[in-house]
Amino acid sequence: MNKISCGQLTSALLLSNAFMLMCLSAPVGKNFLAGTLISFVLQALLCIPITILYKKGFSLSAYCEEKHYLIPCSFALYFIIRGGISFLLVWNGAEQLSLPFSEPLVTAVLIGIVCLYTASLGLQAFARASSVVFGILVITLVILLLGAFKRADIANLPLSDEGTVFGNTAANLAMADTLPAFFVLMSFTKDNASPKTLMFLPAGLILWELVIFLCITVLGSLLPSAPYPFFLLTSVSQPLTTQRADAVYLILFVLLCIVRITLLTVLSAHIMGMVFPKLRFRSIISLLLMIAAAAFFSIINYTGGIFGIITILHFAFAVPFIFCFMIKKHSSWKEKTET
């Protein structure tokens with residue numbers, strides 16, 4: 001797999017995080033602002049073992065070459081599960097955005113075809129596409145700010161106190177599945193010892209705090225009844241009186257969905273390739289498993305919750321933390337250029 005730059009890493013992870021923000025269905029208020037801040041601080045602390053590990057020269061590919069398959073397979077399974085949850089979020093969000101294809105199966109097939117094509121181009125092509133979508137995200141945020149600025153009322157901020165700070169911290173942390181993706185992507189990132197690899201965290205924090213702040217101050221009394229705060233915010237915050245900007249948000253939602261599912265597909269398929277080199281059609285297998293997982297989660301009404309936090313702590317912190325102590329003994333796990 002070809003290397004990507006730190007900027008491309010940031011774009012891919014930030015876009016994946018932005019998709020989760022658009023699909024946020026939890027009640028938000030001033031306590032959610034505080035919980036989000038605490039959550040991102042915790043995420044930065046969880047990334048410490050990852051950054052230390054890669055500064056020591058760790059390579060996931062070299063690790064798999066020694067026939068260590070359990071942890072890589074668990075990562076692939078994790079990405080497939082998160083992909084399934086992503087499809088489920090798309091199905092739910094499609095109803096709010098009035099997409100022209102609201103049937104779950106049709107939505108999954110159409111998005112799956114685009115993701116399959118994008119994944120087949122490789123990580124570098126995906127990373128370049130992510131940079132383009134990042135530009136669209138910035139433009140969309142500018143449009144949102146133009147529409148929300150004149151409707152924002154700071155007096156609504158003290159009135160919103162949905163949930164507790166601890167509960168909102170846990171809710172935000174449960175959605176931080178970019179951390180396991182960060183761990184795997186670091187193996188394919190140029191200058192992965194640079195502090196710039198962590199830029200997706202402060203950028204994500206600014207994005208979340210800005211959008212949540214706008215939801216609170218613009219929506220006011222409408223906020224408690226909003227099933228999807230971001231979608232209601234975009235509906236209320238229109239920059240022009242004669243032309244609605246709904247199409248812009250619709251395009252962004254679809255693009256973020258494609259970027260996120262493609263990222264998870266690329267990662268799971270590549271790990272499958274490291275474990276089973278002769279396995280063909282890995283991207284197709286990953287996507288089909290994601291769609292099957294989404295259908296299953298829809299039946300059992302799975303939402304993640306505490307299981308999401310446990311898996312993030314395991315893949316983003318516990319595994320890298322253990323590897324940090326083992327890599328000195330197993331120097332063959334390092335990049336081949338260093339040995």
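Every heavy atom of this structure was used, including side-chain atoms; hydrogens, water molecules and symmetry mates were not.
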To the nearest 0.5 Å, what is the distance between [atom1] ([X]) and [atom2] ([Y])?
| X | Y | atom1 | atom2 | value |
| --- | --- | --- | --- | --- |
| F134 | L256 | CZ | CG | 11.5 Å |
| L15 | F200 | CG | CZ | 13.0 Å |
| I322 | I327 | CD1 | CD1 | 14.0 Å |

After noting the C-alpha distance and the side-chain angles of L214 and L145, does the key distance pass the side chain to side chain contact (heavy atoms under 4.5 Å, CB included) rule? CA-CA 8 Å; L214 291 177; L145 285 172; 3.8 Å; yes

Does some side-chain heavy atom of F32 sit less than 4.5 Å from a side-chain heavy atom of L24? yes

Taking side chain as C-beta onward, heavy atoms only, is S130 less than 4.5 Å from Q8? no

For the residue pair [X] and [Y], what are the closest heavy atoms and their distance?
| X | Y | value |
| --- | --- | --- |
| F40 | L205 | CE2-N, 3.5 Å |
| L173 | I312 | O-CD1, 3.2 Å |
| F182 | T197 | CE1-O, 3.4 Å |
| N192 | Y54 | ND2-CD2, 3.6 Å |
| A203 | L14 | C-CD1, 3.8 Å |
| Y78 | D177 | OH-CB, 3.2 Å |

